[in-house]
Asks: 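Quick one: structure below, then a few questions.
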Amino acid sequence: MTDASEVVGARAPVRRGRFLVAVACWLVVWQVGAVALGQPILLVGPWDVAVRLVELVPTGTFWATVARTLAGVVLGFTAAAVAGVLLAASSAASSWADAMLAPLISTIRATPVVAFIILLLLWTDSSRLAAVVAFLMALPIMYTNVLEGIRNRDRRLLEMTRVFAVPWPRRVLAVDVPGVLPYFVAGCRTGVGLAWKSGIAAEVIGLPAGTIGEQMYQAKLFLATADLFAWTVVVVVLAALTERVVLVLLERARRRLAGEPAPPLIDPAGGAR
């Protein structure tokens, strides 16, 4: 009988092939649209963007800019993940904590990101803006998902741990973490993208020096459309890589808890894990 992991492994190259074909098709559509429009100020083609990226990537300024924005967004998302877990655990343990946190989380979720950015510009330095905004936008997602995971743990396993008086550290590792982890992973999938979107928006408005947001604003100011698209591509790639790293680390943690071999960071078939 064919093992399920072998079937999944066999299908992975097919999925990657379809993805690459889809990307190629959309690049063709993009190029055709740019040629048909014939207005480089409004829309440049993928070739022009690629040329600009080739010019930007070797420079030290490019990497310093990427590092500054990456640090802010990752810091904000990491803080949101930690705070989301702690607050969700508090809400699950205490009905009073749940009642107190519910309106706060709802308010943060409903408030437009622009409102937060404007308020934070009055309260804090613009250099911290991306991290704080990324934290605020990702926090409700992480809190809600983790709380849902805690409330949907296997009741039979929890009852068994009570009957056999299993120490709480062992119960957390054996029951709580495996039960909540899928919800946490789902929150990370959404939260990482939201952190990047909100963090870049904060930089475009707050204009902290040496950030991707500042570069995008300067490109718009000087009608450098190729630069604007190039930095947008950089943001998309960074967001995808950040999400992938987070998911791989979480999968490695899950396998370690389950006593399974950890997945390699690089797929032997040639794709990144």
Side-chain angles (χ1 to χ4, degrees), residues 3-5 8 70-109 131-132 134-196 198 239 241-267 272-273:
D3 188 78
S5 61
V8 174
L70 179 64
V73 173
V74 169
L75 176 61
F77 173 75
T78 303
V82 173
V85 170
L86 296 177
L87 293 177
S90 300
S91 294
S94 169
S95 57
W96 275 105
D98 187 24
M100 293 295 294
L101 289 171
L104 175 63
I105 296 298
S106 297
T107 300
I108 295 174
R109 182 190 292 113
V132 177
F135 167 79
L136 290 172
M137 292 298 101
L139 178 61
I141 300 295
M142 303 307 300
Y143 170 84
T144 303
N145 278 50
V146 173
L147 184 58
E148 187 71 15
I150 294 175
R151 289 173 174 171
N152 284 279
R153 291 171 297 172
D154 192 319
R155 302 298 177 186
R156 293 172 296 179
L157 290 178
L158 291 173
E159 185 62 31
M160 187 180 300
T161 60
R162 295 191 191 97
V163 170
F164 290 98
V166 177
W168 74 265
R170 291 185 60 186
R171 189 208 71 192
V172 168
L173 292 177
V175 178
D176 295 337
V177 173
V180 175
L181 193 56
Y183 294 86
F184 184 78
V185 170
C188 288
R189 288 183 181 274
T190 305
V192 169
L194 193 58
W196 271 102
S198 58
L241 289 177
T242 306
E243 178 184 338
R244 191 60 183 165
V245 169
V246 170
L247 295 180
V248 167
L249 292 176
L250 291 175
E251 177 62 15
R252 291 170 71 89
R254 184 196 69 79
R255 293 199 178 195
R256 177 171 294 184
L257 288 173
E260 302 173 6
L265 292 178
I266 302 297
D267 193 332
R273 295 297 300 256

Asks: Between R162 and E159, is there a salt bridge with N-O shorter than 4.0 Å?
Replies: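 Salt bridge between E159 and R162, a charged N being under 4.0 Å from a carboxylate O: yes.
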Asks: Under a 3.5 Å distance rule, please check whether T78 uses its side chain to pair with a backbone N or O of L75 as donor and acceptor.
Replies: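 It does not hold such a pair.
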Asks: Can you tell which of V175, I150, V185 makes a side chain to side chain contact (heavy atoms under 4.5 Å, CB included) with V180?
Replies: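 Among V175, I150, V185, the one that satisfies the side chain to side chain contact (heavy atoms under 4.5 Å, CB included) with V180 is I150.
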Asks: Minimum heavy-atom separation for N152 to E148, with atom names?
Replies: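 Taking every non-hydrogen atom into account, ND2-O, 2.7 Å.
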Asks: Checking S106 side chain against A102 main chain: does a donor-acceptor pair fall under 3.5 Å?
Replies: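 Yes, because the side chain of S106 sits within donor-acceptor range (under 3.5 Å) of the backbone of A102.
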Asks: Locate the shortest heavy-atom distance separating L136 from P140; write the atom from each residue and the value.
Replies: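 What the structure gives for the nearest pair is O-CD, 3.0 Å.
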Asks: With a 4.5 Å heavy-atom cut-off, do L158 and D176 have their side chains touching?
Replies: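 L158 vs D176: side chains touch.
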Asks: Tell me the closest heavy-atom pair linking Y143 and S91, and the distance in Å.
Replies: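 So the two residues come closest at OH-OG, 2.6 Å.
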Asks: Among V177, V85, N145, find the one that has a side chain to side chain contact (heavy atoms under 4.5 Å, CB included) with F184.
Replies: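 Result for side chain to side chain contact (heavy atoms under 4.5 Å, CB included) with F184: V85.
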Asks: Show your working on side chain to side chain contact (heavy atoms under 4.5 Å, CB included) between C188 and M142 and close with a plain yes or no.
Replies: CA-CA 7 Å; C188 288; M142 303 307 300; 3.7 Å; yes
Asks: For the pair F77 and V82, evaluate side chain to side chain contact (heavy atoms under 4.5 Å, CB included) and give the outcome as yes or no after the intermediate values.
Replies: CA-CA 9 Å; F77 173 75; V82 173; over 6 Å; no
Asks: Rounded at 0.5 Å granularity, tell me how far CD1 in I105 sits from CE in M100.
Replies: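 The distance works out to 12.5 Å.
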Asks: What residue pairs, at least two apart or across chains, pass salt bridge (Lys or Arg N to Asp or Glu O under 4.0 Å) with a residue in residues 177-188?
Replies: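 Sorted result for residues 177-188: empty, none.
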Asks: Where the side chain of T190 meets the backbone of G187, is there a donor-acceptor pair that is under 3.5 Å apart?
Replies: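 Not a single qualifying donor-acceptor pair exists.
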Asks: Rounded at 0.5 Å granularity, tell me how far CG in L173 sits from CH2 in W168.
Replies: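 The distance works out to 9.0 Å.
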Asks: Taking all non-hydrogen atoms of both residues, which atom of A138 and which atom of A80 are closest, and how far apart?
Replies: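 For A138 versus A80, the nearest heavy atoms are CB-CB, 3.7 Å.
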Asks: Taking salt bridge (Lys or Arg N to Asp or Glu O under 4.0 Å) as the definition, give me every residue that meets it alongside R109, ordered by chain and number, with sequence neighbours left out.
Replies: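 By the salt bridge (Lys or Arg N to Asp or Glu O under 4.0 Å) rule, R109 matches no residue at all.
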Asks: Of all heavy-atom pairs between I141 and G191, which one has the smallest distance, and what is that distance?
Replies: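 Distance-wise, the nearest heavy atoms are CG2-N, 4.2 Å.
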Asks: Listed by chain and number, what are the salt bridge (Lys or Arg N to Asp or Glu O under 4.0 Å) partners of R254, not counting sequence neighbours?
Replies: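 Result, salt bridge (Lys or Arg N to Asp or Glu O under 4.0 Å) vs R254: E251, E260.
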Asks: Tell me which one of L247, L249, T242, V248 satisfies side chain to side chain contact (heavy atoms under 4.5 Å, CB included) with V245.
Replies: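 One option only clears the test, and that one is L249.
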Asks: Go through L87 and L147 one step at a time and tell me if the side chain to side chain contact (heavy atoms under 4.5 Å, CB included) criterion holds.
Replies: CA-CA 9 Å; L87 293 177; L147 184 58; over 6 Å; no
Asks: Working to the nearest 0.5 Å, report the span between CZ of R189 and CZ of R244.
Replies: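 Going from the CZ atom of R189 to the CZ atom of R244 covers 8.0 Å.
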Asks: F135 and A83: which non-hydrogen atoms are nearest, and at how many Å?
Replies: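 Looking at all heavy atoms of both residues, the closest pair is CE1-CB, 3.9 Å.
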Asks: Quick check for you: to the nearest 0.5 Å, what is the distance between L250 atom CG and R255 atom CZ?
Replies: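 Taking CG in L250 and CZ in R255, the distance rounds to 13.0 Å.
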